[in-house]
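Okay, so here's the structure we're looking at.
As the structure lists them, so they are numbered: ligands from 1, and atoms in each ligand from 1. The residues of the chain are indexed from 1 along the displayed sequence. None of the values given here were measured: they were computed from a predicted structure.
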Amino acid sequence: MGKTVKPTATPEYASLVTAGSDATPGKRVYVKSYGCQMNVYDATRMLDVAEASGYSEASTPEDASVIILNTCHIREKASEKVYSELGKLRLLKEEKRRAGEAVQIVVAGCVAQAEGGEIIRRQSAVDLVVGPQNYHRLGDLLARADRTALVDTDFPEEDKFDHLPAPPKERIAARGVTAFVTVQEGCDKFCAFCVVPYTRGAEVSRSTQGILDEVRRSVDAGVREVTLIGQNVNAYRDRGTGLSLARLVEEIARLDGVSRIRYTTSHPRDMDDDLIAAHRDIDKLMPYLHLPVQAGSDRILAAMNRKHTARDYLDLVQRLRKSRPDLALSSDFIVGFPGESDADFEATLALIDAVGFAGSFSFKYSARPGTPAAQLSEQVSEPVKQDRLARLQQRLEEQRRSFNTSMVGAVVDVLFEKPGRYPGQIIGKSPYLQAVVVEAPEDLIGKVRPVRLLSNATNSMGGEILPVPEPSGGRA
Ligand code: 5AD
Ligand code: SF4
């Protein structure tokens with residue numbers, strides 16, 4: 001979370017897009033995306049919609065006739081970034097107008113959903129505000145926004161997934177060998193700090209059929225790893241058949257060509273026995289689970305409305321590890337939730353020590369308008385939050401490093417994803433989401449190979465590919 005992710009086009013990608021589409025000259029779209037994987041996914045689908053309406057992808061905002069900011073509302077900083085970015089885009093728009101070129105500025109994503117028309121009142125250069133459930137109408141909205149600024153943030157009757165165009169195969173291929181697939185959106189949990197239930201609305205699952213079709217299309221285009229994403233993904237339930245996430249994973253694992261499956265983000269309360277067993281029974285389901293706990297003090301967990309205790313979480317981790325002994329875990333943490341005392345914070349550190357996380361994301365509590373926690377009186381001061389965050393992150397970083405160090409010498413399967421930083425290198429991921437660099441030819445990209453891990457640097461591990469055991473036919 002928190003980092004800016006731009007679905008960048010490699011030069012090859014850009015030319016593929018232009019060559020393979022019916023793009024209208026001068027109609028060029030640029031998307032800048034902030035926040036979580038859901039936004040990364042939505043950004044790619046917005047490009048699909050725009051392409052179907054005659055746009056090609058621009059590689060810079062300067063080169064675009066439509067600039068979309070796909071925004072994140074989760075913390076104050078993320079939200080405020082939008083307005084400073086819009087200030088810069090206004091200048092660009094004016095400059096282009098003087099040069100006789102029209103530019104449309106679009107705000108999409110969760111700030112769009114939360115603030116709607118207020119965005120246009122604060123920044124009149126914005127032409128269109130479109131919510132996360134409405135971007136399938138982007139082509140039509142852009143045409144209409146040519147005349148007057150528009151806001152479309154209603155939760156529509158129709159399901160956007162029924163209206164999103166399937167991208168051409170070469171476009172999927174250009175995005176690489178791993179893909180996100182949204183299976184569920186929205187959240188019914190109402191954690192006291194979180195805006196998601198308000199911005200993304202109630203939990204809605206996509207149809208199993210639609211998901212399987214998308215995975216099949218992805219695999220046809222060379223994708224080998226799919227990450228099923230949703231704000232509360234383990235609450236997935238097909239609306240017609242009631243099929244659960246565990247069964248969905250099983251269905252996807254049956255598809256030839258799928259080498260790996262992951263899913264994120266899960267709530268501890270929705271981790272049912274079936275899903276726990278799936279980690280034991282389904283080889284293609286990777287032994288790495290992002291399972292946010294947020295805090296380790298029961299008092300704070302209750303105030304957060306998490307609906308579980310620290311003991312519940314520890315018991316769950318134990319059951320998961322019994323099912324899949326090598327399971328690695330990651331979590332999100334919030335420090336400085338209103339009323340958090342030193343003792344509460346120590347309880348979070350104790351939970352971290354008890355679990356041992358392979359990776360994590362941690363944040364200072366940020367009061368969000370409209371959420372219950374923002375009304376609480378005992379807000380924690382900024383220096384205290386800062387100090388706790390530094391201590392927490394140090395502990396988590398030690399755990400991440402010691403997890404990686406403990407694996408030096410081990411042999412793990414690596415799915416190679418792209419060329420490495422230096423010539424002759426390629427880079428991929430271990431089952432535990434570690435970045436692994438080896439010296440090997442690029443034709444191994446998209447393949448899984450056994451790798452002996454030899455070293456542990458700050459952000460990646462080094463290794464060497466081992467000969468594929470005979471018979472070798474089973475590997476992708
Ligand atoms: N302040 C700080 N962090 C937050 N998160 C969600 N809402 C807030 C907030 N108001 C964090 C949680 C969540 C992750 C996506 O973002 O840790 O799991
Ligand atoms: Fe927000 Fe809690 Fe729902 Fe996660 S589970 S999206 S933190 S309300």
Side-chain angles (χ1 to χ4, degrees), residues 1-3 5 33-41 71-81 109-111 113-114 132 182-205 229-236 245 263-271 289-297 300-308 312-313 316 329-340 345 348 351-352 357 359-376 379-382 384-386 388-389 392-393 396:
M1 288 290 310
K3 59 177 188 277
V5 191
S33 202
Y34 301 85
C36 66
Q37 289 113 331
M38 304 286 292
N39 267 14
V40 178
Y41 176 86
T71 61
C72 172
H73 195 54
I74 198 104
R75 283 169 292 275
E76 193 181 355
K77 251 194 194 158
S79 272
E80 281 307 312
K81 236 187 245 167
C110 292
V111 177
Q113 189 64 43
T182 293
V183 304
Q184 177 279 340
E185 290 184 283
C187 183
D188 295 345
K189 287 287 184 291
F190 290 92
C191 297
F193 50 80
C194 188
V195 284
V196 166
Y198 313 99
T199 51
R200 291 274 180 160
E203 287 170 3
V204 179
S205 294
I229 57 174
Q231 263 98 25
N232 195 12
V233 72
N234 56 346
Y236 176 82
L245 185 67
Y263 62 91
T264 194
T265 289
S266 296
H267 191 285
R269 285 268 299 222
D270 291 322
M271 222 49 231
L289 179 61
H290 185 60
L291 191 63
V293 64
Q294 313 293 358
S297 146
I300 296 298
L301 286 168
M304 284 179 165
N305 192 31
R306 288 289 294 175
K307 306 183 178 86
H308 63 79
D312 293 336
Y313 186 85
L316 178 57
L329 286 150
S330 71
S331 173
D332 293 339
F333 294 93
I334 296 178
V335 297
F337 185 81
E340 185 187 69
F345 176 64
T348 300
L351 180 137
I352 290 171
F357 290 97
S360 274
F361 300 91
S362 44
F363 313 99
K364 287 185 279 188
Y365 169 71
S366 160
R368 306 305 293 125
T371 59
Q375 315 296 324
L376 298 173
Q379 299 287 331
V380 174
S381 75
E382 186 58 29
V384 171
K385 283 187 199 171
Q386 189 57 48
R388 288 181 186 163
L389 186 68
L392 182 99
Q393 290 188 335
L396 289 165

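Under a 3.5 Å cut-off, the side chain of Arg388 and the backbone N or O of Glu340 do form a donor-acceptor pair.
Within ligand 2, counting atoms from 1 as listed, the ones closer than 4.0 Å to a heavy atom of Phe190 are 8 (S). Residue-ligand proximity, His267 to ligand 2, at heavy-atom distances under 4.0 Å covers atoms 5 (S). Taking every non-hydrogen atom of Val196 and a distance limit under 4.0 Å, the qualifying atoms of ligand 2 come out as 6 (S).
Here the protein heavy atom with the shortest distance to atom 1 (Fe) of ligand 2 is Cys194 SG, 2.3 Å. What sits closest to atom 2 (Fe) of ligand 2 on the protein, heavy atoms only, is Cys191 SG, 2.3 Å. Protein heavy atom at the shortest distance from atom 3 (Fe) of ligand 2 is Cys187 SG, 2.2 Å. From the protein, the heavy atom lying nearest to atom 7 (S) of ligand 2 is Phe193 CE1, 3.6 Å.
With a 4.0 Å heavy-atom cut-off, ligand 1 is reached by the backbone of Lys364 but not by any atom from C-beta on. With a 4.0 Å heavy-atom cut-off, ligand 1 is reached by the backbone of Phe193 and by its side chain too. Residue contacts with ligand 2 for Pro197 involve side-chain atoms from C-beta outward but no N, CA, C or O (heavy atoms, distance under 4.0 Å).
Salt bridge annotation for Lys364-Glu382: present, with a cationic side-chain nitrogen under 4.0 angstrom from a carboxylate oxygen.
Taking CZ of Phe361 as the reference point, atom CZ of Phe333 lies at 11.5 Å (rounded to 0.5 Å).
Between Phe363 and Phe337, the ring center distance fails the sub-6.0 Å criterion.
Heavy-atom proximity to atom 14 (C) of ligand 1, evaluated over Asp332, Val195, Thr371, is greatest for Asp332.
Tyr313 and Phe357 have tilted rings, their planes meeting at an angle from 30° to 60° on a 0 to 90° scale.
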